[in-house]
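These numbers come from the heavy atoms of this one structure, side chains and all, not from hydrogens, waters or symmetry mates. Atoms within a ligand are numbered from 1 in the order they appear, just like the ligands themselves. Quick note: residue numbers are just sequence positions, from 1.
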Amino acid sequence: MTSQALRDVRRYEEEAEKKILDESRPGFHLSTRVGWMNDPNGFCYYQGKYHLFYQYHPFDSHWGPMHWGHAVSRDLIHWEYLPVALAPDMPYDYAGCFSGSATVLADGRQLLMYTGVSKEKQPDGSVRDVQVQCIAVGDGMDYEKYAGNPVLTEKDLPQDGSKYDFRDPKIWRKKDGTFACVIANCNQEHDGRILLFESADGFHWQSAGILESNNKRFGRMWECPDFFELEGKHVLITSPQDMLPQGFEYHNGNGTLGLIGDYDEETRQFSGEGNQAIDYGIDFYAPQTIAAPDGRRIMIGWMQNWDTCNLHSPEQPWFGQMSIPRELTIKNGRLYQQPVREIVAYRKNEVKYSDVIFSGEMELPGVLGRRIDLEVQIQPAEVDNIFRKFAIRFAKNESYHTSVSFRPYESIVKIDRKFSGSRRAIIHQRRCLVDEANKGGCIRLRILLDRCSAEVFVNDGEYVLTATIYTEQEADGISFYVDGTAKIDVLKYDLVD
Ligand code: FRU
């Protein structure tokens, strides 16, 4: 049964969508159907298709009462919108259906688990959001909220747990058919932690303790947890708020964090050995993963960040896009990310150059475009004469460019969108310390451009830097620059539907 509120939104988005030109959207990244998009939600493989839901405010290109937008894809690249799945229409979620996840029930129905938000008046007259966990069940198109909602509330929290910060359940089905989920929470000091819950049927949940506590190491409240096994290790991903920088690893503000370690299923103890940022660029947050039918662990994130996502005009008909889905692996104790291999089917018009030796700035005929997959292998022209700086400038014309640069003596890769046409006093650069030991000025860069974004995969995905750019589409030039002499191999494809 769909509510009147949901039916109204469905009618609205169908009409409003017609006013958005396809050319104003990214070509192979999911953008919001209309209005506003933030976190990916409910990433799930169901009845032969990938389903992706998202935090959605259809009526405005700014954040508002959260709905769940919905899209499906057969290959994670080409997405089709389905009608909005959830609207904030119940007493326990009237202020928003916040982030959550999806799985498949034993009887074949799809289960969505999300955070319901309502308002609570405080003794001093102020109002705060209270967060509880809820279930909706459906057939891949229409979802019915469970009559027993909410299924987890403040009474299920550890003693010092905050009911105002209890959100973003990530559910999975265990090998024995039962269910588990991780949920973000914080204590009274606003220090983040990840709670573990278990359920025999997906509806009735019990606490299984605290999986991991921040202890003031990485920011404050942690959001959007994900927990999964990968190549014999266990990985906890979360998005901390209010981070302080730590060297080049973590930056100020909302960030992403991956803890890689071991998990003891018996004692429910997780020991995170290594920690790392998930993305070193400007626009990547709240990632969520899925186990694909072929066993790959695939991650997708919101290609934005909270500190700069509110600067656009309210007249803009849409705002918000997802990253390219990325395959995760572990190498040398680090998470590696590569664009899903399905993208290869969209590569057209190959342009290839090998062993090009150059100094200063150059362009290569045929290497240009704003929807491209570009692979560049860089090395010094002579082994003992390493260049000082190498850069690729793209989305370029006489007025604009965005660049990715590499300084081998400092082992720094930098993305810089200062000249992308932005007129705001916001972060335009981010740097990343790459493991350059013994590589002698050699580096591999793969850059995906899709009209208004750039994702840079360094050394086969050892590091990734993601940024949105709103440069006019006519700026489609690409140049290569080196301070010294370099030898490069270049492989470029247009990405075409
Ligand atoms: C993360 C987040 C989540 C919350 C959602 C609300 O970006 O703050 O914690 O559920 O966005 O839209």
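- Atoms of ligand 1 found under 4.0 Å from any heavy atom of Trp306 (numbered from 1 in listed order, with element): 1 (C), 7 (O), 11 (O).
- Residues Tyr250 and Phe218 bring their aromatic ring centres within 6.0 Å.
- With Tyr280 as reference, Glu249 is the one residue of Arg430, Glu249, His251, Lys414 to meet the side-chain hydrogen bond (donor to acceptor under 3.5 Å, both in side chains) rule.
- Considering only non-hydrogen protein atoms, atom 8 (O) of ligand 1 sits nearest to Glu223 OE2, 2.8 Å.
- Remark: aromatic rings of Phe270 and His234 are distant, center separation not under 6.0 Å.
- Figure legend: Arg128 and Tyr164 shown as a cation-pi pair, the cationic atom lying under 6.0 angstrom from the six-membered ring centre and within 45 degrees of its axis.
- The proximity of Asn254 to ligand 1, defined as any non-hydrogen pair under 4.0 Å, does not occur for either the backbone or the side chain.
- In this structure, Glu455 pairs ionically with Arg326, as a charged nitrogen and a carboxylate oxygen lie closer than 4.0 Å.
- For Trp302, no heavy-atom contact with ligand 1 is shorter than 4.0 Å.
- Assignment of Trp63 to the shell around ligand 1 is supported, since a heavy atom sits closer than 4.0 Å.
- Pairing each heavy atom of Glu327 with each of Glu342, the nearest pair is OE2-OE1, 4.4 Å.
- Ring centroids of Tyr346 and Phe28 are separated by 6.0 Å or more, keeping the two rings apart.
- For ligand 1, the atoms sitting less than 4.0 Å from at least one non-hydrogen atom of Tyr285 are 1 (C), 7 (O), numbered in the order shown with element in parentheses.
- Remark: ligand 1 atoms within the under-4.0 Å shell around heavy atoms of Ser99 are 5 (C), 10 (O).
- In terms of protein heavy-atom proximity, atom 9 (O) of ligand 1 is closest to Asp168 OD2, 2.6 Å.
- The protein non-hydrogen atom at the shortest distance from atom 1 (C) of ligand 1 is Asp39 OD2, 3.0 Å.
- Distances shorter than 4.0 angstrom occur between a heavy atom of Asn38 and an atom of ligand 1.
- Residue nearest to atom 6 (C) of ligand 1, selected from Met37, Gln55, Gln131: Gln55 (by heavy-atom distance).
- Aromatic ring centroids of His70 and His51 lie under 6.0 Å apart.
- Atoms of ligand 1 lying under 4.0 Å from any heavy atom of Met66, numbered from 1 in the order shown and given with element: 12 (O).
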